[in-house]
Amino acid sequence: MPDDSKQITQPVSSKKPKKPRKETDGPWKDALEFFLEQFFALFFPDWGKQINWKKKPKALTPDLPDQSGTKICDRIFEVELLNGEKEIIFLHLEIQGQKQEELPHRMMTYNFGTHKKHGKPVVSIAIALDKKLVCSSGLFEQIHPFKNEPYLQFWYDIIKIWSFKGREEELKKKDNIFALVVLAQLAIMDDKNDQELRKHKKTALFRELFTRGLKKDIIEKLYKIIDWLIPLDPKHMIALQEEI
């Protein structure tokens, strides 16, 4: 166990529990920025092996101005590939936390906009958090009005977080800290806002943080992400803090 993991016994918390935050994609944006390498190791291990992680990914401002105004995508990262030529590519990750049927069009627009802005290849990945969302096959397609056949196709990848429901034990066994982020998302899925159940699952995830021998800064980042993803009412938050 790393020495600095022994320096922390529990996260510092305020006396008054924080009000639950309603944002769905906020903690995911933080998780991707903090743990991008672990994200790829979990979902795209073959791709992750082709990225030079010794050179820290550069998070870019995801503003894509055009004639209709400024569009904001979720996360854009500049990374270097391990192909001997120091090739630069861009990773576009879109978190789908709300029902939006125009996702394929947005994915295409953000991908093309990023390529136009930076002039480099762009890999687009959508992260669908809930099965209630409209999840396409990862294709934006336009049909020629006269020929009645596709004349424009854009493919992107989709990670369906809800597809891991029922595989929690499998995720717990993985030596990958991003699995804890997925577990936190699954903890609030279809729970009908059962606060007691949420507290139980949240406590179990916090316990995981202190049994994996993680460094202090990693524990603090994961703690904040999990705390944000699994909101509790004041009564259960106080009970959780007392239990911790």
Side-chain angles (χ1 to χ4, degrees), residues 23-51 53 57 59-60 62 72-79 81 89-115 121-141 153-191 201 205 208 221-222 225-226 228-230:
E23 297 94 333
T24 304
D25 57 356
W28 274 86
K29 291 178 182 180
D30 286 353
L32 290 170
E33 186 163 346
F34 295 149
F35 309 116
L36 187 64
E37 180 177 0
Q38 291 84 352
F39 168 83
F40 271 87
L42 182 62
F43 294 112
F44 302 100
D46 292 337
W47 296 4
K49 293 175 183 177
Q50 300 179 57
I51 297 175
W53 297 110
L60 304 177
I72 307 294
C73 54
D74 286 336
R75 279 290 180 261
I76 298 289
F77 295 97
E78 177 185 310
V79 298
L81 298 185
I89 68 169
F90 290 83
L91 305 174
H92 160 225
L93 297 106
E94 198 72 17
I95 301 116
Q96 187 72 357
Q98 297 177 348
K99 186 175 181 179
Q100 294 180 340
E101 297 183 8
E102 71 277 10
L103 174 64
H105 183 266
R106 287 195 298 113
M107 295 298 292
M108 181 273 294
T109 301
Y110 294 156
N111 183 287
F112 288 10
T114 304
H115 175 71
V122 182
V123 175
S124 290
I125 302 171
I127 305 170
L129 303 183
D130 197 306
K131 65 181 179 181
K132 297 176 183 178
L133 305 175
V134 176
C135 297
S136 69
S137 59
L139 169 66
F140 172 78
E141 183 176 66
Q153 290 183 318
F154 167 73
W155 293 91
Y156 58 95
D157 288 272
I158 297 181
I159 299 172
K160 299 177 181 179
I161 300 300
W162 51 266
S163 68
F164 288 88
K165 192 71 174 176
R167 298 167 58 187
E168 285 84 353
E169 291 303 317
E170 175 187 339
L171 288 170
K172 289 178 183 178
K173 294 178 182 178
K174 288 186 177 294
D175 186 23
N176 186 312
I177 58 178
F178 208 94
L180 298 177
V181 179
V182 178
L183 286 168
Q185 184 66 44
L186 294 175
I188 61 171
M189 201 171 292
D190 300 328
D191 69 351
K201 292 181 177 180
L205 281 173
E208 279 285 323
K221 289 175 180 177
L222 282 170
I225 291 169
I226 294 171
W228 194 348
L229 276 171
I230 309 178

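Because only heavy atoms are used, hydrogens play no part in the values below, and waters and symmetry mates are left out as well, while side chains stay in.
Between Glu33 atom CD and Phe35 atom CZ the span is 11.0 Å, to the nearest 0.5 Å. Note: Glu94 CD to Lys29 NZ = 8.0 Å, rounded to the nearest 0.5 Å. Residue Arg75 holds its CZ atom at 6.5 Å from CG of Asp30, rounded to the nearest 0.5 Å. A distance of 10.0 Å separates CG of Leu91 from CG of Leu60, quoted to the nearest 0.5 Å. Between the CD atom in Glu170 and the CD atom in Glu168 there is a gap of 10.0 Å [rounded to 0.5 Å]. In this structure, Leu129 CG and Ile188 CD1 are separated by 8.5 Å, a value rounded to the nearest 0.5 Å.
Taking the six-membered ring where the residue is Trp, Phe43 and Phe178 present perpendicular rings, their angle passing 60° and hence far from 30°. The aromatic rings of Phe40 and Phe44 are tilted relative to each other, their planes meeting at an angle between 30° and 60°.
You'll find the side chain of Trp47 reaches within 4.5 Å of the side chain of Ile125, heavy atoms only. When side chains are defined from C-beta on, Ile51 does not count as touching Leu36, because their heavy atoms never get closer than 4.5 Å. Side chains of Phe34 and Leu222 form no contact here, defined as non-hydrogen atoms less than 4.5 Å apart. Under the 4.5 Å side-chain criterion, counting only non-hydrogen atoms from C-beta, His115 is not in contact with His92.
Under the side chain to side chain contact (heavy atoms under 4.5 Å, CB included) rule, Phe39 has a single partner from Val181, Ile159, Asn176, which is Ile159. None of Trp162, Phe164, Trp28 except one satisfies the side chain to side chain contact (heavy atoms under 4.5 Å, CB included) rule with Gln185; the exception is Trp28.
Nearest heavy atom pair, residue Asn111 against residue Val122, reads ND2-O, 3.1 Å. Considering all non-hydrogen atoms of both residues, Lys174 and Ala179 come closest at CB-CB, 4.5 Å. Smallest separation of non-hydrogen atoms from Pro57 and Phe77: CB-CD2, 4.4 Å. What you find for Leu229 and Pro27 is that their closest heavy atoms are CD2-CG, 3.4 Å. The nearest pair of heavy atoms linking Pro104 to Leu139 is CB-O, 3.6 Å. Closest approach of Ala41 and Pro45 over heavy atoms only: O-CB, 3.7 Å.
The 12-atom threshold is exceeded at NZ of Lys165, counting heavy atoms of other residues, nucleotides or ligands nearer than 6.0 Å.
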Leu180 and Leu183: CA distance, side-chain angles, deciding distance, side-chain contact (heavy atoms from CB on, under 4.5 Å) verdict: CA-CA 5 Å; Leu180 298 177; Leu183 286 168; 4.1 Å; yes

Trace of the side-chain contact (heavy atoms from CB on, under 4.5 Å) decision for Leu32 with Asp74: CA-CA 10 Å; Leu32 290 170; Asp74 286 336; over 6 Å; no

Stepwise side-chain contact (heavy atoms from CB on, under 4.5 Å) test for Tyr156 and Leu103: CA-CA 11 Å; Tyr156 58 95; Leu103 174 64; 4.0 Å; yes

Step-by-step side-chain contact (heavy atoms from CB on, under 4.5 Å) determination, Thr109 to Phe140: CA-CA 10 Å; Thr109 301; Phe140 172 78; over 6 Å; no

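Gln50 places no side-chain N or O within 3.5 Å of a backbone atom of Gly48 that could act as its donor or acceptor partner.
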